[in-house]
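This report refers to the structure that appears directly beneath it.
Keep in mind that the numbers below use all heavy atoms, side chains included, and drop hydrogens, waters and symmetry copies. Sequence lines set the chain letters: A, B, ... in the order given, protein chains first and strands last, and positions in each chain run from 1.
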Amino acid sequence: MSQRAAINPSAPLSRVRAGVGEGGRAARSREVLERAAALLAPLGLLLFWELLVRSAVLDARFFPAPSSIVGTFYTLVFVVPWQNALPNHLLVSLSRAAVGFLLGAIPAIALGVVMGLVPLVRAALQPIIGALFPIPKVAILPLVMLIFGLGEQSKWAIIAIGVFFQVLIATAAGVANIERIYLDVGRNFGASRLETYWTIALPGALPLIFAGIRLGWGVALLLLVTAEMVSSKSGLGYLIWQSWQTFSVEEMYVGLVTIAALGIVSFWLLDAIESWLLPWKARR
Amino acid sequence: MAGAPDGRESICYSAGAVRVCRPLEQRRRGRVSMVVEGGRGMALTEAELGELDGGTRLRESPTAKIATEQLGKVFQARNGRVVALREVDLVIPDGQFCCIVGPSGCGKTTLLRILAGLEEHTDGRLKLTHADPTKPLNSMVFQEQSIFPWMTVESNVGYGLKMRRVGGRQRREIVEYYVDKVGLAAFRRAYPHQLSGGMKQRVSVARAFANDPEILLMDEPFAALDEQNKNLLQEELLKIWEESKKTVVFITHSIDEALVLGDRVLVMTASPGTLKADIPVEFPRPRQVYELKASPAFGELAYNVWSQLRDEVMRARDEEAVRP
Ligand SMILES: Nc1ncnc2c1ncn2[C@@H]1O[C@H](COP(=O)(O)OP(=O)(O)OP(=O)(O)O)[C@@H](O)[C@H]1O
Ligand SMILES: [Mg+2]
């Protein structure tokens, strides 16, 4: 019998077919497993944390139990007056970051394109930017507050400055690295200077501009929190700083988690915008 | 000498000229378009050309679409000077299909880029005649990958038309026609990264055709194509040329292709490139490609061109071997 099976021509074939099917199924179940692991690992860690606190291994004054943080979260969202509520802080911070970001990014892109295309402008600006870029932006926060006061303007300004340099450098590099041939095509087909910017320089540099925007948004969040800690009566940075001063550690954790979530969600959004704006980029 | 008939204007670029002004095309349209980077070019009307010292050859070829006189180009590279072209004397009448062959690196692309106004010559003179200001003077099919990765096939093909402000519907029709002609109808909304190398090259050809220029400058446009598409596009090119009587300057490595398409084949020397032979191709048109290729006269002429070219190819190879 077994010998007959061995020479049965359909046997190996069906085994091959089954092998492919199993391979597909195996890949799918591996994917499910990976997803589950990604979800369960943090949950397990939180559970472990909770246990450590309850068994008094961890000091609850510094590492409050996740359950009590959730309780504080609830209070901050639903119980306290709007003025002190978490959604208010979040909205205030978000609008500061967004305004500052736009104020920095838009002129940076415009100037970066010109720098990338006009060697004279590049030569003139390069040393200035080279000198200003390395200054940690936090260091000029006092100066910015001196100039713009303690209100919203100073937050917008410091964020705009931080974003501006990141995006400017990325844009100029992106435009300068566009293949010459595309500019030749533009010239041969009669594109004006403005059309060259609009149809060649900008789209050609967009992948690098986006890299700059990503870095810029990271800088914006950093400067946002810093500025709110130093001089503000609202925002996530203020919430964290305030809870340090009143020693309400749970609130501090709520602020931290909210900022982390803000970061994650905004980078997701940037990803989505990028793939919408750059349909021509081959996806990896 | 008075101005040319029917208000035609010539654009003359003279290397080393003291006068600095913009090409006529640029004056007329008020946009940045052609040559004149280091301020060496000058635009002259036919009358002004008559007052020029020298330039006899340019003056004496009033029907020329393209005329050059002792045209030369030296590249100032970091590791020294490269003489890419020297003493090119060339007259291409309006409506001629002119093919150029020559060994690799002899300056064919450089010559074409000078004609396109993308490169400035450093010696001699160049005259281009722009007969109809409503049409672009020239469009180039580049040797290397040159379609915009961020535009769909359609937008790439319509690029020149859009820059010329050809309106929506008319543009769409022209684009559709040429996208169809190069066999990419199914890919009209695809991005270049979804296309093969040959398909990209066809987009580049369609873009130049769609722009409907007076002069088509084609730099080995079909080299990357498969045999079938090459034949189809050659036929299409011949059809467009016969209908529109454009002037075509066509660079190729294939002697067969040059003889099938051209009115004339120019053979260039090895670098520094200049014209070595000017061989008329007088097969009747319209040409039946395969019958033509099978005829003894074709083989004879092909041999003639090859014997001119062979020495130059050998010289180019020898020189490359000694170069650092
Ligand atoms: N931008 C440049 N700077 C310096 N040298 C250049 C430049 N462009 C071309 N050259 C040189 O000029 C010469 C002619 O180049 P060109 O590209 O015109 O050759 P070609 O005839 O088109 O060759 P191929 O058939 O291989 O395309 C070469 O020696 C090349 O090295
Ligand atoms: Mg070439």
Neighbours of chain B found in residues 202-214 of chain A - heavy atoms under 4.5 Å: A:P203, A:G204
By the side-chain hydrogen bond (donor to acceptor under 3.5 Å, both in side chains) test, which pairs, at least two apart or in different chains, include something from residues 161-176 of chain A? none
Chain A contact via B:F148 - which portion, at a heavy-atom distance below 4.5 Å: both
Region of B:R207 in contact with chain A, defined by heavy-atom distances below 4.5 Å: both
Interchain contact, B:Q145 with chain A, by part (heavy-atom threshold 4.5 Å): both
A:W280 and B:W150 aromatic ring geometry - parallel, tilted or perpendicular at 30°/60° bounds: perpendicular
Would you name the heavy atoms of A:V219 and A:V163 that are closest together and state the gap between them? CG1-N, 4.4 Å
Within a radius of less than 6.0 Å around CD of B:E144, do more than 12 heavy atoms belonging to other residues, nucleotides or ligands occur? yes
For B:L161, is it the side chain, the backbone, both or neither that has a heavy atom under 4.5 Å from a heavy atom of chain A? neither
Is A:T196 in contact with chain B via its backbone, its side chain, both, or neither, using a 4.5 Å heavy-atom distance? neither
Do B:E214 and B:T247 have side-chain heavy atoms sitting under 4.5 Å apart? no
Who passes side-chain contact (heavy atoms from CB on, under 4.5 Å) against B:S244, sequence neighbours left out? B:I240, B:K246
In this structure, are over 12 heavy atoms from other groups packed under 6.0 Å from B:F187 atom CZ? no
With a 6.0 Å cut-off on ring centres, are B:F209 and B:Y177 close enough? no
Heavy-atom pairs under 4.5 Å with chain A, option from B:R113, B:K162, B:M151, B:Q194 with the top count: B:R113
Is there any side-chain hydrogen bond (donor to acceptor under 3.5 Å, both in side chains) pair reaching into residues 93-107 of chain A, and which pairs are they, with sequence neighbours excluded? A:S93-A:E228, A:R96-A:E152, A:R96-A:E228, A:R96-A:S232, A:R96-A:S234
